[in-house]
Amino acid sequence: MSIKKEMQDAINDQINAEMFSAYLYLSMGSWFEDEDLPGFGNWMRCQYMEETMHAMKFFNFLNERGGRAELKAIEGPDISWKSYKEAFAAVVAHEEYISERINKLVTLSRKLEDYAAESFLMWFVDEQVEEEDEANKILAKLKRLKEDSNGLLRFDGELAGRVLAPAAVPTILDQPVV
Ligand code: FEO
């Protein structure tokens, strides 16, 4: 059964929200790198790639359901933050906002009796738990570090080791090749 217009429109809005997330984290990555914190920059670059994969997951779903992706203009994100803590508080707030959006998509899928969409969206429900948890942990650590600049550099070194989870990679390639 082809996807209904109302669900397609809502998913298109979500593609835009995921692409904005990617832009936001890329912008934060540039800021952290400019602050000589390449590990935080690396974390943000990984996050940027993950967000584009989220957008592609929605994009692929629309095409698989006989729908169309309608790409809209992406808003420009902020380019600087008052402190590292403030930047990560913004990440937490943004991820909470995305979780709310995903929950509303689930509610819509149930209203439209689109169980394929509901099943598909459950991956994002689980993903958002991880996204919020990861951002909250980094924010908590930054709060504990306070003015400890050596601790901050050690933490930056830890974040330099982040690599994109292999499980996230196939989502960009999961369109069947015929
Ligand atoms: Fe795509 Fe960070 O949520």
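All ligand and atom numbering here is 1-based and tracks the order in the structure.
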Chemist: Indicate whether the side chain of Y84 and that of E35 have a donor and an acceptor atom separated by less than 3.5 Å.
Modeler: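 A pair is found: one side chain offers a donor N or O, the other an acceptor, under 3.5 Å apart.
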Chemist: For residues Y97 and W81: do they belong to one hydrophobic cluster (side chain heavy atoms under 4.5 Å, members Ile, Leu, Val, Met, Phe, Trp, Tyr)?
Modeler: yes
Chemist: Salt bridge or not between K57 and E127? Use side-chain N to carboxylate O under 4.0 Å.
Modeler: no
Chemist: Under 2.8 Å from atom 1 (Fe) of ligand 1, is there any N, O or S atom belonging to E51?
Modeler: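 Short answer: yes, at least one N, O or S atom is under the cut-off.
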Chemist: I need the single residue from E70, Q8, K72 that forms a side chain to side chain contact (heavy atoms under 4.5 Å, CB included) with D13. Which is it?
Modeler: K72
Chemist: How is the N/O/S atom of E18 that comes nearest to atom 1 (Fe) of ligand 1 named?
Modeler: OE1
Chemist: Any N/O/S atom, backbone or side chain, of E127 lying under 2.8 Å from atom 2 (Fe) of ligand 1?
Modeler: no
Chemist: Suppose we only allow N, O or S atoms; which atom of H54 ends up nearest to atom 1 (Fe) of ligand 1?
Modeler: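 Looking at H54, the N, O or S atom with the least distance to atom 1 (Fe) of ligand 1 is ND1.
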Chemist: For T107 and N103, indicate whether the former's side chain and the latter's backbone hold a donor-acceptor pair under 3.5 Å.
Modeler: yes
Chemist: Taking the N/O/S atoms of E131 one by one, which is nearest to atom 2 (Fe) of ligand 1?
Modeler: OE2
Chemist: Do any of the N, O or S atoms of E95 sit under 2.8 Å from atom 2 (Fe) of ligand 1?
Modeler: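 An N, O or S atom of E95 is closer than 2.8 Å to atom 2 (Fe) of ligand 1, so yes.
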